[in-house]
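In each ligand, atom 1 is the first atom listed, and ligand 1 is the first ligand listed.
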Amino acid sequence: MTPDPALQTRARGAASRPEPKPGILDIEPYKPGKASAEGVAHPVKLSSNENILGSSPKAKAAYLEAAASLHIYPDSRANRLRAAVAEHFKLEPERLVFGDGTDEVLHLLNQVFLEPGDNIVMGQYGFSAYDIGARACQAEVRVAPEPGYRISVEEMLKAVDGRTRLVFVTQPGNPTGAFLTGAELSALHAGLPPDVVLVVDGAYAEFATDPSFDDGIELARSSANVVVTRTFSKIYGLAALRVGWAYCPAHIADAIDRIRAPFNTSTAAQAAAIAALGDEDFFRRSIAHVETWRPWLAQQLGGLGLEVLPSAANFVLVKFPGAPGKTAADGEALLARRGLLVRGVANYGLPDCLRITIGLEEHNRALVDALAELIRG
Ligand SMILES: Cc1ncc(COP(=O)(O)O)c(C=O)c1O
């Protein structure tokens with residue numbers, strides 16, 4: 001048999017071990033929120049914007065019930081969950097895609113659209129998963145400045161070029177908590193070429209109760225190039241189970257379905273998500289909690305002279321003075337010693353800020369007391 005010349009050429013210049021494709025090792029791995037603190041047995045996690053009230057008791061019961069069918073593959077199309085989400089949000093079921101958290105759905109969108117040399121556009125403080133997913137497809141990431149910590153429609157549109165395939169907006173933003181008004185979202189969409197997909201990531205949309213907030217669903221309903229993503233990880237308190245979904249134009253849902261792993265949401269996750277959707281009481285309590293304590297935290301921390309950015313999510317972004325002993329890193333370390341884990345966001349280009357999930361009353365009070373000592377001490 002004649003040896004394959006391509007194989008011979010490769011063998012000559014080959015490395016001594018299989019190397020990942022170009023660009024992969026330049027990717028900064030995703031940094032999850034801290035979950036432990038030295039010397040503290042049970043720290044309070046205010047570092048990942050989970051639901052501080054836990055999860056719906058109905059969802060827990062459904063999860064336990066799913067133990068009876070662990071030997072059976074999950075429903076690949078999540079038909080019951082699909083029907084429940086479609087009914088709850090008044091959406092066409094065939095336009096929904098479910099994933100192993102929104103994270104997977106975002107990766108799938110990148111895989112469907114990006115070829116090497118293409119690019120995505122995201123805001124300066126956009127969620128790092130967009131960047132990782134695009135680079136994994138050997139695409140470029142074009143970052144639009146966010147003056148005043150808010151996405152600027154003008155800057156986003158300026159960053160779009162002939163190779164842009166996807167534009168990502170977090171609505172409201174993580175870690176900023178800021179949002180685009182409905183008018184701004186429509187202006188962004190109107191300024192995009194029709195072959196560019198606008199992705200509106202609404203991981204925290206339920207916490208945005210301002211009347212000028214727009215979750216993008218109506219825009220998506222009538223557009224061939226808008227995708228809205230949502231998650232069960234935040235308000236529904238199911239972060240451990242990993243369920244996210246996207247409302248897509250039908251042709252995009254069809255494309256994603258062709259490449260996703262067939263059993264990407266587990267039976268237990270589907271069952272718990274359906275039950276969580278049906279627990280109106282837990283949902284309302286979760287919103288009410290954030291609506292009570294978000295302004296309280298902003299007012300108290302503002303009273304200490306810290307700058308608290310307006311937030312429409314279940315966290316606040318707090319800016320620290322640079323003075324020695326009073327930096328964001330000092331604040332993070334002191335809070336960790338008190339058993340309160342918050343998120344340093346230097347990796348988002350915000351080294352002087354901390355992102356703090358709204359906690360229970362006792363957490364919020366302990367946090368304010370600790371930071372008062374830091375700032376006044
Ligand atoms: C803006 C944003 N999008 C998506 C996600 C991922 O959510 P999921 O848990 O559904 O993967 C997060 C989680 O922190 C997030 O903050």
- Under the side-chain hydrogen bond (donor to acceptor under 3.5 Å, both in side chains) rule, what pairs show up with a residue in residues 108-120, not counting sequence neighbours? Asp118-Arg163, Asn119-Asp161, Asn119-Thr164
- Task: Sort out the contact shell of ligand 1: every protein residue with a heavy-atom distance below 4.0 Å, listed by chain and number.
- Result: Gly101, Thr102, Asp103, Phe127, Thr170, Asn174, Asp201, Ala203, Tyr204, Thr231, Ser233, Lys234, Arg242
- Could you list all the salt bridge (charged side-chain N to carboxylate O under 4.0 Å, His left out) pairs where at least one residue sits in residues 313-334, not counting sequence neighbours? Lys34-Glu332
- Evaluate the salt bridge (Lys or Arg N to Asp or Glu O under 4.0 Å) criterion for residues Asp195 and Arg165: first the C-alpha distance (whole Å), next the side-chain angles of each, then the deciding distance (0.1 Å), finally the verdict. CA-CA 7 Å; Asp195 63 340; Arg165 305 299 318 274; 5.4 Å; no
- Task: Considering only NZ, NE, NH1 and NH2 on the basic side and carboxylate oxygens on the acidic side, decide whether Glu50 and Lys234 come within less than 4.0 Å.
- Result: no
- Here the ring-ring contact (aromatic ring centres under 6.0 Å, His included) pairs for residues 154-182, sequence neighbours left out, are Tyr130-Phe168, Phe179-Phe213
- Item | Pair Asp281 + Arg285: basic N to acidic O under 4.0 Å | yes
